[in-house]
There are 2 protein chains.
Amino acid sequence: MRESQTAEARPYHHGDLRRALLEAARRILEAEGPTALSLRAVAREAGVSPAAPYHHFKDKAELLDAVAEQGWEMLDKRMAEAKLEAEPRDKLNSLGIAYVCFARENPALYRVMYDAARDNEALPEEMVGDNEDSPYCKVRDTMIELGADPAARTELELATTAAWCAAHGLAEMAGFRQFEPLKEALGGELPFLRAIFAHMGLFPHVGRT
Amino acid sequence: MRESQTAEARPYHHGDLRRALLEAARRILEAEGPTALSLRAVAREAGVSPAAPYHHFKDKAELLDAVAEQGWEMLDKRMAEAKLEAEPRDKLNSLGIAYVCFARENPALYRVMYDAARDNEALPEEMVGDNEDSPYCKVRDTMIELGADPAARTELELATTAAWCAAHGLAEMAGFRQFEPLKEALGGELPFLRAIFAHMGLFPHVGRT
DNA sequence: AAGATATCTTTACGGCGTCCAGATGCCCAC
DNA sequence: GTGGGCATCTGGACGCCGTAAAGATATCTT
């Protein structure tokens, strides 16, 4: 039954709205930015009434959280690829570059992701959890592969956190116009990002004072 | 006439609203957070009609910009003190700590500051300008005092930018609950901040590979 | 077949940012 | 000093927002 998702994906009276809402949200986000992302606009874009989303999300924040979660998954995938493709010695840098590039290519989504995180005063557990191979663990394990002492837990966590902070700070800063001269002087955005990373001591303290 | 600014600062029909509005905004910000900071709430708090602010600010964004600017000035002052008080060898770290502490002590204000910056896609020129001794220049000059080559302009700017990114990233991240175990393990928030900074190579490349 | 349930619509409320037409008090030219 | 011009403030209105309640409609269970 239910002629179901053809190209146009008509979730008529029943169907998988939730997914349609999230897709609508992403469309609005890319087309008009984060400020245009209202619950009503999402419902409108998905072709339903303004109250319909409330059967799938408790409130607007929960919808935003779901959008953000998709973003985190995309970021995770991106970092996984980066780690796979890079030379062993380059893996840490590649992870950082992948992180920042994702943020730079999806600025609206990245903003939604961190707005949600700041509201919750926490990053999503899938990102930072110890259980699975979260992005956090990817960075940490890479540090071990690079020679960090796996027994020095606190030291490891500090190094991983420092790297994450550096990547996030760079991701937000890199969008500011003030740095365009510097980018040009270095021959583009990517060289700029690499140069900044090179200036940050992202490796764990293996014998540094 | 106009019994004028007694303790309660009654800017009746005339008086310096603008200042009163900014003070009201800051009061709301501290008491109820950034989400409660609406134009109407500010007007209400200042005791004027919802349309009154429009004679002093083009729109809400301009009011927010003005609030943010106050924040940047506070941050500047804070960093100036930190630089003065610290031992020469500690100046750079002290600047970073001062930056992050300000953000942690005024999270709502810090959020307004960077929300405005992200909207404008630029930090305020007073912060980052080359002309006066902006915070940016404070950091850069400190690097020179620490032995960086003042002639290597690009290198200097990279190092300064890297330091700013690190501080901003840490400032936002430090509020997340995930890091509380780590903070406790290190004996508080300040040791945590110092430890993270220690893991970041914030000094310019003087002879590093 | 029928009742229960999940989904969606309609309608409504208060708050928001913003604009416009007046009212109000101040300041300066005469 | 006084009267006109101007900056400032008010009141009311508009359309958008998030959200809630009540009613309609399709699906699922039995």
Side-chain angles (χ1 to χ4, degrees), chain A residues 1-5 8-25 27-29 31-68 108 112 115-116 119-120, chain B residues 1-5 8-25 27-29 31-68 108 112 115-116 119-120:
Chain A
M1 67 206 65
R2 166 200 301 103
E3 53 231 52
S4 84
Q5 322 1 5
E8 269 305 298
R10 288 266 294 95
Y12 178 65
H13 202 179
H14 284 240
D16 54 352
L17 199 70
R18 197 191 151 94
R19 185 183 314 271
L21 288 169
L22 291 178
E23 285 170 10
R27 245 174 287 142
I28 291 173
L29 211 49
E32 314 180 50
T35 59
L37 194 64
S38 68
L39 236 190
R40 290 178 105 104
V42 172
R44 215 178 299 135
E45 169 80 20
V48 296
S49 80
Y54 284 89
H55 293 270
H56 301 272
F57 303 98
K58 183 170 116 294
D59 55 11
K60 186 186 180 183
E62 203 168 283
L63 200 176
L64 273 291
D65 276 355
V67 173
V112 170
D115 280 352
D119 282 340
N120 301 335
Chain B
M1 66 203 60
R2 167 203 305 105
E3 51 231 53
S4 84
Q5 335 339 21
E8 271 304 298
R10 287 268 293 99
Y12 179 63
H13 202 182
H14 284 242
D16 56 351
L17 200 76
R18 195 187 155 95
R19 186 183 313 274
L21 288 169
L22 291 178
E23 284 170 10
R27 245 174 287 143
I28 292 173
L29 210 49
E32 312 180 50
T35 59
L37 194 63
S38 68
L39 237 190
R40 289 178 107 104
V42 172
R44 217 178 298 134
E45 170 79 20
V48 295
S49 82
Y54 283 88
H55 293 270
H56 302 274
F57 302 99
K58 184 171 118 290
D59 55 11
K60 186 186 179 182
E62 203 168 281
L63 200 175
L64 273 291
D65 276 354
V67 173
V112 170
D115 280 352
D119 282 340
N120 301 335

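None of these values were measured; they are calculated from a predicted model. So you know, we letter chains A, B, ... as the sequences are listed, proteins then strands, and number each from 1.
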Of all the choices, [options], which nucleotide is nearest to the side chain of [X] once you look at every atom?
| X | options | answer |
| --- | --- | --- |
| S38(B) | dC17(D), dC8(C), dC16(C) | dC16(C) |
| D59(A) | dG18(D), dT19(D), dC19(C) | dT19(D) |
| A51(A) | dA20(D), dC8(C), dT10(D) | dA20(D) |
| Y54(B) | dT18(C), dT9(C), dC20(C) | dT18(C) |

Output the rounded distance in Å from [atom1] ([X]) to [atom2] ([N]).
| X | N | atom1 | atom2 | answer |
| --- | --- | --- | --- | --- |
| L37(A) | dC17(D) | CG | P | 11 Å |
| D16(A) | dT7(C) | CG | C1' | 13 Å |
| L63(B) | dT18(C) | CG | P | 10 Å |
| R44(B) | dC16(C) | CZ | P | 5 Å |
| K60(B) | dG17(C) | NZ | P | 5 Å |
| R19(A) | dT7(C) | CZ | P | 14 Å |
| R40(A) | dC13(C) | CZ | P | 14 Å |
| I28(A) | dC17(D) | CD1 | P | 9 Å |

Quiz item: Closest approach of V42(A) and L21(A), non-hydrogen atoms and distance?
Solution: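 For V42(A) and L21(A), the tightest heavy-atom pair comes out as CG1-O, 3.5 Å.
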
Self-check item: Below 4.0 Å: OP1/OP2 of dA7(D) and any side-chain N or O of H56(B)
Solution: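 No, outside the criterion.
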
Quiz item: Considering only heavy atoms from C-beta outward, does the side chain of P34(A) approach that of L29(A) to under 4.5 Å?
Solution: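 P34(A) reaches L29(A) side chain to side chain.
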
Self-check item: Straight-line distance of D65(B) CG to K58(B) NZ, nearest 0.5 Å
Solution: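 One finds 8.5 Å between CG of D65(B) and NZ of K58(B).
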
Quiz prompt | Reference residue L64(B); test side chain to side chain contact (heavy atoms under 4.5 Å, CB included); the match among D59(B), L37(B), D119(B) | solution =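 The passing option is L37(B).
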
